[in-house]
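What follows is a set of notes on a single structure, which appears directly below.
Quick note: numbers below take in every heavy atom, side chains included, and nothing from hydrogens, waters or symmetry partners.
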Amino acid sequence: MAFQSYKLLTHRQRKALLRQWTTLIRCNRDDLAAICTLELGKPITESYTTVDYGISFLDWFDGEIERLYGDTIPAAKANVRIFTTREPQGVVAAITPWNSPIAMICRKVGAAIAAGNTVVLKPAPETPMCAIAIAKLFERVKGFPPGSLNIVIGDAKASAEMGDELCHNRLVRHLSFTGSTGVGKFLNSECGKSLKRTSMELGGNAPFIVFEDANIEKAVDGLIASKFRSSGQTCVCANRAFVHRSIINEFARVLKTRTNALFNYGSVWDPAVNFGPLYCAKGVEKVVRHLDDAVSKGAKVVEGGFVNKDLGPNFYVPTILIGAKLPETLLSSTEEAFGPIIHLNPFDTDEEVIELANTEESGLASYFYTESISRLWKVSEALSTGMVGVRVGLVSACEQPFGGIKESGLGREGGRFGVEDYTNIKSITVGL
């Protein structure tokens, strides 16, 4: 069994192997980006972004390998010494999503391998070639025991069968999943039958708040970065926007102007193109459903609101809506749009917007803009999410713990926590 061999390697040996794999990925950056665009229809510039983002995690985990420290604990008894070590858990099952395949594979597999585990990777059925290419590069590294990284691939039906096996196979000691909350709950429940460790990075419903003292231009740039990257198809995209009533009309005007000026449409292979289609027809249908729901409740379309059929049936243009009679009743208040549509809702007080922003279920990311230091701290602490972006529209970085609370997940990915999550702490007591 590969794990029995791999766990015996020293930290420095694992570091050298991980560095070789990272180098191969970096050297094949162009091909990996092209495969991503072929599978997903992403603009090539976005595909390069997901490759580079993945590489950044491997570079970070490379350094974390030699920082998996234990502790010496002062013992109550004079004739006893206590210390701890961190050990790999065993076989890790990693189930990755389609929307950013290279990065998500590197973030899960890289952390598990860095900690000394072996991995069974089940990529999304939509992006098998990205996973195969990554695994082929892993295979070229001389030194990993055969079977250190394994891939299982299949369609939706086969995915359910494979997920069942990964949940119940006793050799798998940790299951890491990124995807919908519903599937995550099911997998976590099944893993609980054998008390298998889990990491769950699940759906979000991120609020984006703009207070009356915010720098409007910076807040607009932040909302565009948060909402429209990857055509709105990420779990940390802003999903619900709340803008103070005194500035909402000006904010909408600047947002419309900036959006029109920023995005270039065309062939996904053109490096100048920075906005692409939704992945599938179901994504378009969901955006249309959110639009119709908002309009039926009093919202006005400021920009967009249609499919640009000249660019393909899934090319839904960036869409901005403003106002609604009861924003808390909107579909967007309880459901991710996962598309390029944002609804601006007015608010009057800090207490009101915090209550609107905090939902009972989701708690992945939130964003807000203010120039007040006092409000910065108060609102950061009041928002019920695992990640908060203050005056930034992006909250993802290799050095940062990524993850949510409540029904948005368990555990953290990235940073030192991302590697530690794949270790067990062993306590050793020595009598003198």
Any chance the side chains of [X] and [Y] put a donor and an acceptor closer than 3.5 Å?
X: Thr45; Y: Asn274; result: no
X: Thr359; Y: Asn205; result: no
X: His174; Y: Ser199; result: yes
X: Tyr369; Y: Asp213; result: no
X: Thr96; Y: Lys108; result: no
X: Tyr279; Y: Ser231; result: no
X: Thr50; Y: Ser47; result: no

Before accepting this row, confirm whether a basic side-chain N of the pair [X]/[Y] lies closer than 4.0 Å to the acidic partner's carboxylate O.
X: Arg412; Y: Glu420; result: no
X: Arg391; Y: Asp221; result: no
X: Lys406; Y: Glu361; result: no
X: Lys196; Y: Glu190; result: no
X: Lys7; Y: Glu87; result: no
X: Glu336; Y: Arg240; result: no
X: Glu413; Y: Arg107; result: yes

A quick test of your reading: do over 12 heavy atoms of other residues, nucleotides or ligands sit less than 6.0 Å from [atom1] of [X]?
X: Glu399; atom1: CD; result: yes
X: Glu355; atom1: CD; result: no
X: Met162; atom1: CE; result: yes

Q. In this structure, which one of Arg12, His11, Arg14 forms a side chain to side chain donor-acceptor pair (under 3.5 Å) with Glu66?
A. Arg12

Which atom of [X] lies closest to which atom of [Y], heavy atoms considered:
X: Tyr367; Y: Leu394; value: CE2-N, 4.2 Å
X: Ser380; Y: Val388; value: O-CG2, 4.1 Å
X: Ala78; Y: Arg81; value: O-NH1, 3.0 Å
X: Ile354; Y: Ala382; value: CD1-CB, 3.8 Å
X: Phe61; Y: Gly415; value: CE2-O, 4.1 Å

Q) Got Leu344 and Leu321 here, is their nearest side-chain heavy-atom distance under 4.5 Å? A) no

Q. Does NZ or CZ of Arg67 come closer than 6.0 Å to the centre of the six-membered ring of Trp60, within 45° of the ring's axis?
A. yes

(Q) Counting the benzene-type ring for Trp, do Phe144 and Phe138 have ring centres under 6.0 Å apart? (A) yes

Q | Reference residue His244; test ring pair (Phe, Tyr, Trp, His ring centres under 6.0 Å); the match among Phe347, Phe368, Phe251, Phe211 | A | Phe347

Q. After noting the C-alpha distance and the side-chain angles of Tyr48 and Asp30, does the key distance pass the side chain to side chain donor-acceptor pair (under 3.5 Å) rule?
A. CA-CA 8 Å; Tyr48 276 117; Asp30 292 341; 2.8 Å; yes

(Q) Tell me whether the rings of Phe275 and Phe228 are parallel (<30°), tilted (30 to 60°) or perpendicular (>60°). (A) perpendicular

